[in-house]
There are 2 protein chains.
Amino acid sequence: MANNLPYAFTCQSIPCDTDAMTEFDPAPHATSDDRPADLRAGAFQGVREARRNELAEDYVELIAELIHDQGEARPVDIAARLGVKVPTVSKTLDRLAREGLITRAKYRSVFLTDDGRSLAKECRRRHEIVLRFLISLGLDPVTAERDAEGIEHHVSERTLALFSAFASRS
Amino acid sequence: MANNLPYAFTCQSIPCDTDAMTEFDPAPHATSDDRPADLRAGAFQGVREARRNELAEDYVELIAELIHDQGEARPVDIAARLGVKVPTVSKTLDRLAREGLITRAKYRSVFLTDDGRSLAKECRRRHEIVLRFLISLGLDPVTAERDAEGIEHHVSERTLALFSAFASRS
DNA sequence: GCACAAAGTTAGACATGGCTAACAATCTGC
DNA sequence: GCAGATTGTTAGCCATGTCTAACTTTGTGC
Ligand SMILES: [Mn+2]
Ligand SMILES: [Mn+2]
Ligand SMILES: [Mn+2]
Ligand SMILES: [Mn+2]
């Protein structure tokens with residue numbers, strides 16, 4: 001139920017928070033704003049879901065790339081490119097194997113399963129679209145690469161379509 | 001050191017990975033591609049850093065909003081809007097307090113410190129810019145809100161400037 | 001002003017993601 | 001084909017972020 005009663009502006013023993021928001025929506029909207037609350041929750045749910053997959057996505061994308069460029073994907077190379085230590089990679093690879101995205105044998109390099117390959121392809125597509133879009137907007141390539149690496153995990157298919165169209169058009 | 005020797009295309013007992021990449025860069029670039037490796041690592045470092053702050057950013061932004069809209073920020077309302085359980089919020093608030101972004105007394109609602117308020121303001125600004133940009137690109141408001149909630153933590157100041165300019169111009 | 005409802009805290013489980021240290025396997029160069 | 005370098009694994013530490021269950025405090029309605 002959360003807030004139902006004349007809660008808005010209790011401001012009891014509270015330091016009444018002068019300018020928490022500097023300039024917000026100046027109109028003091030009426031009590032009943034529960035609609036946005038649920039909507040927001042939906043958005044945050046989605047973001048949390050995306051966050052759970054980010055790392056796996058970065059891994060499989062990178063593994064596919066290494067296999068393509070180097071012929072194999074070794075933990076030491078994965079670690080170097082991600083900027084983490086090898087044991088961190090080893091542990092994460094165990095999880096990815098458990099989740100069916102890769103296969104691995106002790107002391108050998110890593111392979112993608114069909115699922116892994118398919119996820120990698122999807123990730124690469126998103127990465128490319130976001131990157132091309134940012135560059136076509138006028139961003140320098142280094143910053144574009146950095147931002148794309150984070151943004152790629154949080155763009156809906158709809159946004160991707162708009163990004164793609166914009167990059168082509170411009 | 002990573003890959004120095006004639007490593008590329010060992011493809012020993014390896015299933016030689018037919019079409020890991022479907023269509024990549026078709027030109028089989030020479031062995032020495034170590035430049036991009038370090039660049040990539042830098043990008044990933046930055047993303048990991050951003051990931052560490054995402055949750056705190058969402059919290060302070062939401063807390064500022066609640067204080068503005070409702071007069072106070074109660075754990076139960078934070079939880080409802082984030083879509084998580086109250087004890088989760090309680091524990092996270094402890095961390096934010098430890099980090100000096102909020103103050104709180106047992107069983108009372110939450111306040112932002114000066115640092116917290118300043119971070120909240122910065123987050124709100126980013127959120128607004130990203131949201132306005134996505135909408136001006138043609139995205140529907142609900143999807144825009146969802147995507148903005150994730151993207152906002154991964155846009156550089158440069159990108160923000162370009163987003164801002166685009167939204168104004170269009 | 002008391003009983004009950006609502007909100008908040010604490011404890012503890014479990015998964016993730018980072019690290020270091022110690023050990024094991026593999027590979028390379030003679 | 002062996003010594004030494006490189007790579008990989010395992011164990012274990014720590015912080016975070018989620019949850020449920022049990023308990024405490026606060027607030028409400030009569
Ligand atoms: Mn990424
Ligand atoms: Mn990527
Ligand atoms: Mn957010
Ligand atoms: Mn936000």
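Nothing here was measured: the structure is a model prediction, and the numbers come from that model. Within every chain, numbering begins at 1; the chains are lettered A, B, ... in the order of the sequence lines, protein sequences first and strands thereafter.
Scanning for side chain to side chain contact (heavy atoms under 4.5 Å, CB included) contacts around Leu162(A) gives Leu137(B), Leu139(B), with sequence neighbours left out. Not counting sequence neighbours, the partners of Gln45(B) by the side chain to side chain contact (heavy atoms under 4.5 Å, CB included) test are Arg48(B). Qualifying side chain to side chain contact (heavy atoms under 4.5 Å, CB included) partners for Thr103(B), counting only residues two or more places apart in sequence or in other chains: Phe111(B), Thr113(B).
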Could you list the donor-acceptor pairs under 3.5 angstrom formed between side-chain atoms of residues 85-94 of chain A and any protein atom two or more places apart in sequence or on another chain?
| residue | atom | partner | partner atom | Å |
| --- | --- | --- | --- | --- |
| Thr92(A) | OG1 | Thr88(A) | O | 3.0 |
| Asp94(A) | OD1 | Arg104(A) | NH1 | 2.6 |

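Here salt bridge (Lys or Arg N to Asp or Glu O under 4.0 Å) pairs that include residues 159-168 of chain B, with residues two or more places apart or in two chains, number zero.
If you take CD of Gln70(B) and P of dA7(C), they are 12 Å apart, rounded to a whole angstrom. In this structure, Phe44(B) atom CZ and dG17(C) atom C1' are separated by 15 Å, rounded to whole Å. The separation between Asp94(A) atom CG and dG8(D) atom P is 13 Å, rounded to whole Å. As a whole-Å value, the separation of Ile102(A) CD1 from dG8(D) P is 13 Å. Taking atom NZ of Lys85(B) as the reference point, atom C1' of dA22(D) lies 16 Å away to the nearest angstrom. For the pair Asn53(A) CG and dG17(C) C1', the computed distance is 15 Å after rounding to whole Å. The CZ-C1' distance, from Arg108(A) to dG8(D), rounds to 11 Å in whole Å. The CG-C1' distance, from Leu93(A) to dG17(C), rounds to 13 Å in whole Å.
Among the protein residues, Val84(A) comes within range of the sugar-phosphate backbone only, with heavy atoms under 4.0 Å from sugar or phosphate atoms but none that close to a base.
A donor and an acceptor atom, one from each side chain of His127(B) and Glu145(B), are located under 3.5 Å apart. In this structure, a donor-acceptor pair under 3.5 Å is present between the side chains of His154(B) and Glu54(B).
Phosphate contact (OP1/OP2 of dT9(D), side-chain N/O of Arg104(A), threshold under 4.0 Å): present. Taking 4.0 angstrom as the limit, Lys106(A) places a side-chain polar atom (N or O) nearer than this to OP1 or OP2 of dT10(D).
Closest contact between the side chain of Ser90(B) and the listed nucleotides dT10(D), dT9(C), dC19(D) involves dT9(C). Checking dT9(C), dC19(D), dT7(D) against every side-chain atom of Arg74(A), the shortest atom distance belongs to dT7(D).
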_Heavy-atom protein contacts under 4.0 Å, nucleotides 12-17 of chain D, coded B base, S sugar-phosphate only, - none_ = BB--SB

